[in-house]
Amino acid sequence: MMADIQLKDGAEEDFKNWFSESNKVLSSFPGFVSRRFLKAHDGSYRIIVEHESKETFIKMHNSPEHEKLHPTGHSFMSSDPVRKTFSVAAE
């Protein structure tokens, strides 16, 4: 899953801290591969979450742990994330 996000002015450092802390919880889910917060040279932001399968991602995404973390992450954003999911086409 990739999500393009827009952060509120001045929220980047707090979001980065929240993101690192939330990774400590979410990385314990079976099938978790990685979860990264990226910043482009133009100042835009993207989150990339990689799981072994769509099923393990959905299980993590629908978990009570994710439900608890989700509102705090969104509180740093100025608009809803624009999400896309992908599957591996070639390696």
Side-chain angles (χ1 to χ4, degrees):
M1 188 278 308
M2 290 187 194
D4 292 327
I5 65 168
Q6 293 182 352
L7 295 177
K8 294 176 183 174
D9 289 342
E12 183 179 337
E13 287 305 312
D14 289 336
F15 183 81
K16 286 173 18 180
N17 291 332
W18 169 84
F19 194 86
S20 294
E21 288 301 310
S22 64
N23 267 352
K24 293 176 184 177
V25 174
L26 299 176
S27 65
S28 67
F29 278 84
F32 178 91
V33 175
S34 68
R35 182 172 172 260
R36 293 177 282 177
F37 174 56
L38 307 176
K39 183 177 182 179
H41 294 289
D42 66 3
S44 62
Y45 301 103
R46 178 172 285 171
I47 295 170
I48 298 177
V49 181
E50 187 177 2
H51 265 255
E52 290 177 2
S53 70
K54 180 179 178 180
E55 292 75 23
T56 62
F57 174 79
I58 290 170
K59 189 170 184 177
M60 181 272 304
H61 193 18
N62 292 333
S63 70
E65 293 89 343
H66 187 270
E67 282 286 320
K68 183 178 178 184
L69 293 167
H70 196 258
T72 303
H74 273 250
S75 73
F76 298 110
M77 298 178 196
S78 58
S79 62
D80 288 336
V82 178
R83 295 181 183 97
K84 289 185 180 180
T85 58
F86 297 83
S87 58
V88 176
E91 289 191 57

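Computed from a predicted structure; not experimentally measured.
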Trainee: Heavy-atom count check: over 12 atoms from other residues, nucleotides or ligands less than 6.0 Å from D42 CG?
Mentor: yes
Trainee: Could you tell me how the ring of F76 sits relative to the ring of F15: parallel (under 30°), tilted (30 to 60°) or perpendicular (over 60°)?
Mentor: perpendicular
Trainee: So do the side chains of T85 and K54 get within less than 4.5 Å of each other, counting heavy atoms only?
Mentor: no
Trainee: Given H70, which partner from the list H66, E67, H74 fulfils the side-chain hydrogen bond (donor to acceptor under 3.5 Å, both in side chains) test?
Mentor: H74
Trainee: Which residue pairs pass the salt bridge (charged side-chain N to carboxylate O under 4.0 Å, His left out) test with at least one member in residues 19-37, sequence neighbours excluded?
Mentor: E21-K24
Trainee: Is the shortest heavy-atom distance from the side chain of D80 to the side chain of M77 under 4.5 Å?
Mentor: no
Trainee: Are R46 and K39 close enough that some pair of their side-chain heavy atoms sits under 4.5 Å apart?
Mentor: no
Trainee: Does S20 use its side chain to pair, donor to acceptor, with the backbone of N17 at less than 3.5 Å?
Mentor: no
Trainee: Decide whether V82 and L7 are clustered together by the hydrophobic rule: side chain heavy atoms of Ile, Leu, Val, Met, Phe, Trp, Tyr closer than 4.5 Å, transitively.
Mentor: no
Trainee: More than 12 non-hydrogen atoms from neighbouring residues, nucleotides or ligands closer than 6.0 Å to CD on E65, yes or no?
Mentor: yes
Trainee: Listed by chain and number, what are the ring-ring contact (aromatic ring centres under 6.0 Å, His included) partners of F57, not counting sequence neighbours?
Mentor: H51, H61
Trainee: Is there side-chain contact between I5 and I47, with heavy atoms separated by less than 4.5 Å?
Mentor: yes
Trainee: So, E13 and K16, do they make that salt bridge, N to O below 4.0 Å?
Mentor: yes
Trainee: More than 12 foreign heavy atoms under 6.0 Å from NZ of K8: is that the case here?
Mentor: yes
